[in-house]
2 protein chains.
Amino acid sequence: MRIGELAARAGTTTRTLRYYESRGLLPARRSGNGYRTYDESDLKLLRQIRTLQDFGFDLEETRPFVECLRAGHPEGDTCPASLAVYRRKLDELDALIGELQAVRAKIGLRLALAEGEPPLCELGGQEL
Amino acid sequence: MRIGELAARAGTTTRTLRYYESRGLLPARRSGNGYRTYDESDLKLLRQIRTLQDFGFDLEETRPFVECLRAGHPEGDTCPASLAVYRRKLDELDALIGELQAVRAKIGLRLALAEGEPPLCELGGQEL
DNA sequence: GGTTGCCCTGACGTCGGCGTCAAGGATTAC
DNA sequence: GTAATCCTTGACGCCGACGTCAGGGCAACC
């Protein structure tokens, strides 16, 4: 299949596929006229990339998964390098979620203080 | 005080201050020689901006707080527009945290499956 | 043979919040 | 007087993952 069909079947764009190719992530064979040619296995690779992207992985982080699939494994996440990325990502997520929760708490407190119960300030006699 | 001192006292850079000024967020008076001049109130505005930036607010979102302070309020977050930004930010944070937790769960599951206990797949007789 | 619709490469644009020169003027220190 | 340190404006760089032209080729259909 050609690039347009692959893009459509993966729910992405031709530009994205060319970008992946430029990064060496999803190389394509070429037909006689120079058109990129893909098969079902490329679709599988692409879907792996897209899934991880949706999870917030950046492109480089998807590479081990793609290489794992290309190495013949039925799943991209069974190789050691992929597992390492998973673990690192979990740590990053935990750290990030923790930070966001801390920020959320601070903002929530500030909102409560500023909103209706500024313990000492509001007593000054504001109109609003 | 001049730009270098203000930057130092707020723990930021002159470049950042000029950037804020270019965004209309922190305009400066000028002394005879063309140098930017700031006073203590500017430091307060700047600290408000920095605090919110640390919380992950983008610059535009800090504007209501700055204008609130400039309007004479002792705190930047007591004005309606600021409160609105707080609330919106809380919603965004809740949504984001929720998404991240969902992603975390999915990755955790995939890791568990790929790691040692693929409930059905491993039974196929893989070596790894 | 003309129109439509795919494909190609190359290259610049986007977004935010600055960093980092470059080329010069002002002030202060010695 | 001159060196060092501040300040000025202007402009390009960065990062990631593409979007969006521009200018042209190839294919298929009627």
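Predicted model, so just to flag it, every value in this text is computed and none were measured. Proteins come first, then strands; the chains are lettered A, B, ... in the order of their sequence lines, and each starts at number 1.
B:Glu60 has its CD atom 9 Å from the P atom of C:dG16, to the nearest Å. B:Leu6 places its CG atom 14 Å from the C1' atom of D:dC7, with the value rounded to the nearest Å. Rounded to whole Å, the distance from CG on B:Leu52 to C1' on C:dG16 is 16 Å. Counting to the nearest Å, the C1' atom of D:dC18 and the CG atom of A:Asp54 are 15 Å from each other. Atom CG of B:Leu46 is separated from atom P of C:dC18 by 10 Å (rounded to the nearest Å). Nucleotide D:dC12 holds its C1' atom 11 Å from the CZ atom of B:Arg15, rounded to whole Å. Taking atom CG on A:Leu17 and atom C1' on C:dC7, their separation rounds to 13 Å, with Å as the unit. For A:Glu5 and C:dC6, the CD to P distance is 12 Å, given to the nearest whole Å.
At C:dG19, one or more side-chain N or O atoms of B:Thr16 fall inside 4.0 Å of OP1 or OP2 (strictly under the cut-off). Contact check, A:Thr13 against D:dC18: no side-chain N or O comes under 4.0 Å of OP1 or OP2. Neither OP1 nor OP2 of D:dG16 sits under 4.0 Å from any side-chain N or O of A:Gln53. Taking side-chain N and O atoms only, B:Arg36 has a distance below 4.0 Å to OP1 or OP2 of D:dT9. An OP1 or OP2 oxygen of C:dA26 is reached within less than 4.0 angstrom by no side-chain nitrogen or oxygen of B:Arg30. In this model, the phosphate group of D:dA17 is not approached by any side-chain N or O of A:Arg50 to a distance below 4.0 Å at OP1 or OP2. Residue B:Asn33 places at least one side-chain N or O under 4.0 Å from the OP1 or OP2 atom of C:dT27. For the OP1/OP2 pair of D:dG19 and a distance below 4.0 Å, the side-chain nitrogens and oxygens of A:Tyr19 include no atom meeting the criterion.
Using modelled atom types and a 3.5 Å distance limit, the side chains of A:Arg50 and A:Tyr20 yield a donor-acceptor pair.
Side-chain contact between A:Val66 and A:Arg70 is present, with heavy atoms from C-beta onward closer than 4.5 Å.
Between B:Leu46 atom CG and B:Ser41 atom OG the span is 11.0 Å, to the nearest 0.5 Å.
Of the listed residues (A:Arg47, A:Arg2, A:Arg9, A:Arg29), just one forms a salt bridge (Lys or Arg N to Asp or Glu O under 4.0 Å) with A:Asp42, and that residue is A:Arg29.
Using a 4.0 Å heavy-atom cutoff across all strands shown, B:Arg18 reaches at least one base atom of the nucleic acid.
A distance-only check finds no donor-acceptor pair linking the side chain of A:Lys44 to the backbone of A:Glu75 [under 3.5 Å].
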